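Taking it in order: structure first as structure tokens, then the write-up.
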Amino acid sequence: MNNPLIVAHRGASYAAPENTIPSFELAFKENADFIEGDFWLTKDSEIVCIHDPDTKRVSKKNIKLKVCLSTLVELKKIDVGSWMDDKYKGTTIPTFQEVLKIIPDGKGIYIEIKDDREIFIEKLREILNQFSVPKDKIRIIAFNPNTVRLAKDILPEIKTYWLFSWYFSRKKCLKSLAQRRLMQTLKTLDCDGLDVNAASYIDEKLVKSLRENNLDFCAYDVDKVEDAIRLINLGIDSITTNSPLKMREEIETVIAMEHY
Ligand code: G3P
Ligand code: CA
């Protein structure tokens, strides 16, 4: 069995408010290899970490500020911690620089680009050039294929993965057809791999096809140990989970039992 990287989805977001410094710090305390965060550009060209295009869901007072139409000062006034627990009251939306600063040596970050504008990626490059995070400790991920292409073009030295979500409509598309379509698009992106939601559509055939094309193979939404073990048996490179410590311990327990 290989040993995949454990990536903390929006930080240790099962216990701390997603996409905040407390959540990322907890993830590293829980020995996650990488954190994953979602990023947008503000009206005054600052990169900030938040999942949705506006603040409503993570503001206990339901304050709705659209990130791209608000300044950093305006966004920093919003408490994005107490919706989860009063002990996080006063937690603010972090900037990209604030997130980069807390990454310990040897650890890394999956940067999910939510803002598909080219100026976002230009700004990302500018900030990354001011920091010394090793390139192999950075991954860029995005759902939008054009964003993946653009990111790889502007930051060729950074591994970039296409995010894909298996979509199950009432009438399920045949697995082989879904896989073929996925691979067709992936090959046009000139990127480094696939980051896909854990689902039964991931099988040996898909992994073989990824490896034949020299592509990394990652999965997100992995919160059940049985999913993780199935993916590990398929040779997965990283798994993204909301509970990094629990996931690592559960995987180790299963592996230890198999060797017993
Ligand atoms: O790690 C990928 C995953 O974060 C994509 O989904 O909606 O949680 O950003 P979402
Ligand atoms: Ca994300």
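Whatever order the structure lists them in is the order used to number ligands and atoms, beginning at 1. On a predicted model such as this, the values are computed, not experimentally measured, just so you know.
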field: Test side-chain hydrogen bond (donor to acceptor under 3.5 Å, both in side chains) applied to Arg248 and Thr241, Asp33, Thr253, the passing residue
entry: Asp33
query: Any chance the side chains of Thr147 and Asp116 put a donor and an acceptor closer than 3.5 Å?
result: yes
task: Using a strict 4.0 Å cut-off to heavy atoms of Glu36, name the atoms of ligand 1 that fall inside it.
output: 1 (O), 2 (C), 3 (C), 4 (O)
task: Check whether the side chains of Asn31 and Lys107 place a donor and an acceptor atom closer than 3.5 Å, and report yes or no.
output: yes
task: Please name the atom of Glu36, restricted to N, O or S, that is closest to the Ca ion (ligand 2).
output: OE2
query: How is the N/O/S atom of Asp38 that comes nearest to the Ca ion (ligand 2) named?
result: OD1
query: Side chains of Asp192 and Thr160: do they bring a donor and an acceptor to under 3.5 Å?
result: no
Those atoms of ligand 1 less than 4.0 Å from some heavy atom in Tyr220: 1 (O), 2 (C), 3 (C), 5 (C)
Heavy-atom nearest neighbour in the protein, as seen from atom 10 (P) of ligand 1, with distance rounded to 0.1 Å: His51 NE2, 3.3 Å
Given Asp216, Ile140, Val196, Asp237, the one that forms side-chain contact (heavy atoms from CB on, under 4.5 Å) with Tyr161: Asp216
query: With backbone taken as N, CA, C and O and side chain as the heavy atoms from C-beta onward, which portion of Tyr110 lies under 4.0 Å from ligand 1: side chain, backbone, both, or neither?
result: neither
- prompt: Relative to the heavy atoms of Lys114, which atoms of ligand 1 are at a distance of less than 4.0 Å?
  reply: 7 (O), 9 (O), 10 (P)
message: Once you restrict to heavy atoms under 4.0 Å, what part of Leu163 touches ligand 1? Side chain, backbone, both or neither.
response: side chain
- line: min-distance N/O/S atom, Glu112 vs the Ca ion (ligand 2), resolves to OE1
- request: Using a 4.0 Å heavy-atom cut-off, say whether Asp221 meets ligand 1 through its side chain, its backbone, both or neither.
  value: neither
task: Output yes when the distance from some N or O of ligand 1 to some N or O of Asp195 is under 3.5 Å, and no in every other case.
output: no
query: So, Asn233 and Arg230: side-chain donor and acceptor under 3.5 Å apart, yes or no?
result: no
Which of the ligand 1 atoms, numbered from 1, are nearer than 4.0 Å to a heavy atom of Glu112: 2 (C), 3 (C), 4 (O), 5 (C), 9 (O)
- prompt: Would you call Glu98 and Lys101 a salt bridge, using N to O less than 4.0 angstrom?
  reply: no
field: Thr240-ligand 1 polar pair, N/O distance under 3.5 Å
entry: no
message: Which of the numbered atoms in ligand 1 are under 4.0 angstrom from any heavy atom belonging to Arg10?
response: 7 (O), 8 (O), 10 (P)
- prompt: Got a salt bridge between Asp105 and Lys137, using NZ or NE/NH1/NH2 to carboxylate O under 4.0 Å?
  reply: no
- prompt: Charged N to carboxylate O below 4.0 Å: is that the case for Asp52 and Arg57?
  reply: yes
